[in-house]
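Numbering of residues begins at 1 and proceeds along the displayed sequence.
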Amino acid sequence: MSPARRRRCIDHTVRKFGVSERLACRVLGQHRSTQRKVPRGRADDAALTADIIELATQYGRYGYRRITALLRDAGWLVNVKRVERIWRQEGLKLPAKQPKRGRLWLNDGSCVRLRPEYPNHVWSYDFVEGRTHNGRKFRMLNLIDEFTRECLAIRIDRKLRSSDVIDVLSDLFILRGVPGHIRSDNGPEFVAKAVREWITAVGARTAFIEPGSPWENGYCESFNSKLRDELLNGEIFYSLAEARIVIEGWRQHYNTKRPHSSLGYRPPAPAAAPWPAALPQPASPATSNVADKPTMH
């Protein structure tokens with residue numbers, strides 16, 4: 001007797017004679033595990049798996065929670081646990097290190113006492129250092145809104161002085177208005193007399209962190225670490241112009257598309273702009289367009 005026929009026989013015996021499944025299996029010599037329904041999975045598992053792998057390949061520094069947010073933006077009605085199951089099933093994980101790739105185209109108010117309460121309340125800025133392929137250094141001036149987590153600007157040049165800080169701030173003040181406070185460390189570019197006098201003249205207040213206490217500028221330090229982990233550690237810049245283009249593209253992606261965990265996995269300034277333009281759409285599946293799928297679960 002085949003296993004399928006024996007299974008049907010046991011079901012019939014249980015229903016007709018009212019005996020337990022355990023007894024019926026013992027009499028017919030059938031293991032009880034054969035009576036369990038074999039999981040078949042969902043019809044769209046293959047398509048979802050392909051999309052997850054595609055996104056994990058494109059955004060190598062994202063975990064399954066952030067990938068889930070991108071899938072939902074693309075139209076998938078998917079549970080984070082289901083994505084996690086497929087993620088582990090496919091052996092996906094964040095690599096400890098990522099290889100660099102080249103592109104072909106060219107003391108008043110520390111962080112403990114002053115917390116952002118609304119947009120334009122507290123801006124913070126800091127410097128990050130990088131190198132081009134020839135070993136020459138370049139500097140990035142990163143400026144963020146601590147409440148919305150939006151990156152307002154990234155200024156890139158070989159050298160950045162206090163005059164460059166004033167130049168970036170003046171442009172942003174015209175576009176977005178004057179913030180209540182501007183937080184920074186005690187670097188010479190930030191505590192320069194010209195910078196302090198200019199910020200005071202336009203009606204903002206400075207909030208310098210304590211020397212040797214980078215955690216007091218936690219919002220900007222967190223942004224700097226994401227910039228380095230997701231971009232700088234994986235890119236080879238052959239020129240300063242290329243660095244400006246790629247980093248500005250990442251900034252736009254960070255603001256408009258990248259899910260932010262502290263914002264409920266929503267981007268700081270949602271928009272429909274894809275990044276990077278030379279690559280497929282962020283949620284493009286490996287085999288077909290996500291938006292064209294007729295059934296979603």
>> Among residues at least two apart in sequence or on other chains, which ones pass salt bridge (charged side-chain N to carboxylate O under 4.0 Å, His left out) with Glu129?
In response: Lys137
>> Restricting to salt bridge (charged side-chain N to carboxylate O under 4.0 Å, His left out), what partner residues turn up for Arg266, sequence neighbours left out?
In response: Asp73
>> Closer than 4.0 angstrom, basic N to acidic O: yes or no for Lys81 and Glu84?
In response: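 A salt bridge is absent here (no side-chain N lies under 4.0 Å from a carboxylate O).
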> How far apart are the C-alpha atoms of Tyr62 and Leu70, what are their side-chain angles, what is the distance that settles it, and do they pass the side chain to side chain contact (heavy atoms under 4.5 Å, CB included) test?
Replying inline: CA-CA 10 Å; Tyr62 287 6; Leu70 291 177; 3.9 Å; yes
[X] versus [Y], closest heavy-atom pair with distance:
X: Ile182; Y: Pro179; result: CG1-CG, 3.9 Å
X: Leu172; Y: Ala153; result: CD1-CB, 4.0 Å
X: Ala56; Y: Ile67; result: N-CD1, 4.1 Å
X: Ala243; Y: Phe237; result: CA-CD2, 3.6 Å
X: Val178; Y: Ala204; result: CG1-CB, 3.8 Å
X: Ile86; Y: Leu48; result: CD1-CD2, 3.6 Å

Can you find a heavy atom in the side chain of [X] that is under 4.5 Å from one in the side chain of [Y]?
X: Ile154; Y: Asn142; answer: yes
X: Glu242; Y: His133; answer: no
X: Ile52; Y: Glu90; answer: no
X: Tyr125; Y: Val168; answer: no
X: Pro116; Y: Trp123; answer: no
X: Arg258; Y: Tyr59; answer: no
X: Asp157; Y: Leu141; answer: no
X: Val80; Y: Tyr265; answer: no

Flag, side chain of [X] to backbone of [Y], donor-acceptor distance under 3.5 Å:
X: Arg149; Y: Glu146; value: yes
X: Arg251; Y: Cys151; value: yes
X: Asn224; Y: Val128; value: no
X: Arg139; Y: Phe127; value: no
X: Arg66; Y: Pro259; value: yes

>> The test is side chain to side chain contact (heavy atoms under 4.5 Å, CB included); show your working for Asp126 and Ile144 and say whether it passes.
In response: CA-CA 9 Å; Asp126 198 8; Ile144 67 170; over 6 Å; no
Out of curiosity, [X] [atom1] to [Y] [atom2], how far, rounded to the nearest 0.5 Å?
X: Leu227; Y: Asn233; atom1: CG; atom2: CG; value: 9.0 Å
X: Trp198; Y: Thr200; atom1: CH2; atom2: OG1; value: 10.5 Å
X: Ser20; Y: Arg26; atom1: OG; atom2: CZ; value: 7.0 Å
X: Ser124; Y: His181; atom1: OG; atom2: NE2; value: 13.0 Å
X: Asn255; Y: Trp250; atom1: CG; atom2: CH2; value: 8.5 Å
X: Leu169; Y: Ile174; atom1: CG; atom2: CD1; value: 11.5 Å

> Is Leu231 reachable from Met140 through a run of I, L, V, M, F, W or Y residues, each pair having side-chain heavy atoms under 4.5 Å apart?
Replying inline: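 Met140 and Leu231: one cluster.
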> Just by distance, with hydrogens left out, do Glu248 and Gln252 show a side-chain donor and acceptor under 3.5 Å apart?
Replying inline: yes
>> Per the salt bridge (charged side-chain N to carboxylate O under 4.0 Å, His left out) rule, what does the pair list look like for residues 159-175, sequence neighbours excluded?
In response: Arg155-Asp164, Arg155-Asp167
>> Please verify the inter-ring angle class for Phe223 with Tyr254; under 30° counts as parallel, over 60° as perpendicular, anything in between as tilted.
In response: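 Correct class here is perpendicular.
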>> Check this for me: Arg85, atom CZ, are more than 12 non-hydrogen atoms of other residues, nucleotides or ligands nearer than 6.0 Å?
In response: yes
>> Using a 6.0 Å cut-off, check whether atom CZ of Arg228 has over 12 heavy atoms from anything other than its own residue.
In response: yes
>> Go through it in stages, so that I can follow the logic: the residues are Val78 and Thr68, the test is side chain to side chain contact (heavy atoms under 4.5 Å, CB included), and I'd like the CA-CA distance, side-chain angles, deciding distance and then a yes or no.
In response: CA-CA 7 Å; Val78 64; Thr68 302; 4.3 Å; yes
> Does the pair Tyr219 and Val122 meet the rule for a side chain to side chain contact (heavy atoms under 4.5 Å, CB included), with working shown?
Replying inline: CA-CA 10 Å; Tyr219 295 99; Val122 182; over 6 Å; no
